[in-house]
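Everything on this sheet refers to the single structure shown next.
A note on names: the letters A, B, ... follow the listed sequences, proteins ahead of strands, and every chain is numbered from 1.
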2 protein chains.
Amino acid sequence: MKTQDHAFLSEETIEDISLMFKALADPTRIRILYMLAQEECSVNHIAEVLDLSQSAVSHQLSYLRTLRLVKHRRSGTAMIYSCDDNHVISLLKQAITHSEHT
Amino acid sequence: MKTQDHAFLSEETIEDISLMFKALADPTRIRILYMLAQEECSVNHIAEVLDLSQSAVSHQLSYLRTLRLVKHRRSGTAMIYSCDDNHVISLLKQAITHSEHT
DNA sequence: TCTGTATATGAACATATGCTCATATATGAA
DNA sequence: TTCATATATGAGCATATGTTCATATACAGA
């Protein structure tokens with residue numbers, strides 16, 4: 001197959017996709033996203049349930065927020081986070097299903 | 001929701017999934033896998049088409065081989081690589097479709 | 001065997017990543 | 001306002017990552 005016959009992805013698409021997969025490529029973020037896929041959670045709740053430091057969770061949530069994969073709202077002194085990208089959750093669940101059936 | 005009421009992923013599943021997503025989290029590997037999804041290719045062909053060094057391509061293919069995402073066979077002096085994990089290709093294509101329709 | 005082409009691989013390097021620690025900010029109660 | 005709780009964030013650090021460079025290995029043809 002010659003170079004000009006290949007289908008190519010645009011730079012923008014490649015960048016977009018790699019950022020999405022990067023977000024899913026870390027055990028901590030997988031665990032956080034999997035929790036948020038079940039229900040919205042406060043930062044402390046995530047930290048306690050997953051046995052992580054408050055700071056580590058907050059940093060990761062900030063990262064996920066930048067990519068618009070999660071959103072948050074204030075509730076008193078707490079911040080309640082929830083998923084904001086169903087497609088990424090769908091990719092995650094698909095990967096889980098595949099992994100658990102191998 | 002209390003800690004014991006959460007659904008948790010096994011350590012093994014989390015590790016497995018993060019490795020899979022890590023493989024898809026780099027622009028070079030995305031481009032290589034996308035090429036191989038179209039047809040099997042030699043190392044040099046990939047390097048030429050994608051304008052990468054032979055060494056960089058070989059290193060990445062070695063990486064993808066370790067994860068069993070690609071396989072290879074010899075053809076004379078050339079090594080012909082092809083995809084060996086349909087599910088990962090499916091995840092990639094799904095991400096592409098999503099990205100291009102946003 | 002010698003030569004050329006194709007691929008693999010180890011070392012080194014620059015950058016990215018994920019965490020901790022310390023501290024800043026924000027809200028609610030007293 | 002003052003204090004306690006919840007969250008955010010910057011700096012620093014150890015490790016991981018992706019590439020280049022040099023070189024090793026493997027096969028085909030003369």
Earlier contact from the 5' end, DNA chain C, for Thr28(A) and Ala56(B): Ala56(B)
Donor-acceptor pair, side chain of Arg29(A) and main chain of Leu61(A), under 3.5 angstrom: no
Tyr63(B) vs Val43(A), nearer the 5' end of DNA chain D by closest nucleotide: Val43(A)
Distance below 4.0 Å between Asn44(A) side-chain N/O and dT7(D) OP1 or OP2: yes
Between dT19(D) (P) and Ile46(B) (CD1): distance, integer Å: 13 Å
Nearest-neighbour nucleotide for the Ser58(B) side chain, dG18(D), dT7(C), dG18(C) considered: dT7(C)
Side-chain N or O of Tyr81(B) closer than 4.0 Å to phosphate OP1/OP2 of dA8(C): yes
Watson-Crick/G-U partner (both atom distances under 3.5 Å) of dA29(C): dT2(D)
Sub-6.0 Å ring centroid separation between His87(B) and His101(A): no
Arg65(A) vs dA8(D): side-chain N/O to OP1/OP2 distance below 4.0 Å: yes
Arg29(B) side-chain N/O to dG18(D) phosphate OP1/OP2 under 4.0 Å: yes
Among dA8(D), dC19(C), dA6(C), the nucleotide that comes nearest once only the side chain of Thr77(B) is considered: dA6(C)
Phosphate-side-chain proximity, Arg74(A) and dT7(D), N/O vs OP1/OP2 below 4.0 Å: no
Whole-Å gap separating C1' (dT27(C)) and CZ (Arg73(A)): 15 Å
Gln54(B) (side chain) and dA6(C) (base): donor-acceptor pair under 3.5 Å: no
Sidechain-backbone polar pair: Gln38(B) side chain, Ala7(A) backbone, donor-acceptor under 3.5 Å: yes
Face-to-face stacking of His59(B) with dT19(D), centres under 5.5 angstrom, angle under 30°: no
Separation of atom CE in Met79(A) from atom C1' in dT27(C), rounded to whole Å: 10 Å
Side-chain N or O of Ser53(A) closer than 4.0 Å to phosphate OP1/OP2 of dT20(C): yes
Separation of atom NZ in Lys22(B) from atom C1' in dT17(C), rounded to whole Å: 9 Å
Leu64(A) CG to dT7(D) P, straight-line distance once rounded to whole Å: 16 Å
Donor on one side chain, acceptor on other, Ser55(B) and Ser58(B), under 3.5 Å: no
Residue Ser55(B), side-chain heavy atoms: nucleotide from dA6(D), dT20(D), dG18(D) that is nearest: dT20(D)
Whether Phe21(B) and Phe21(A) hold their rings parallel, tilted or perpendicular, with breakpoints at 30° and 60°: parallel
Minimum-distance nucleotide to Asp26(B) side chain [options: dA8(D), dA8(C), dG18(D)]: dG18(D)
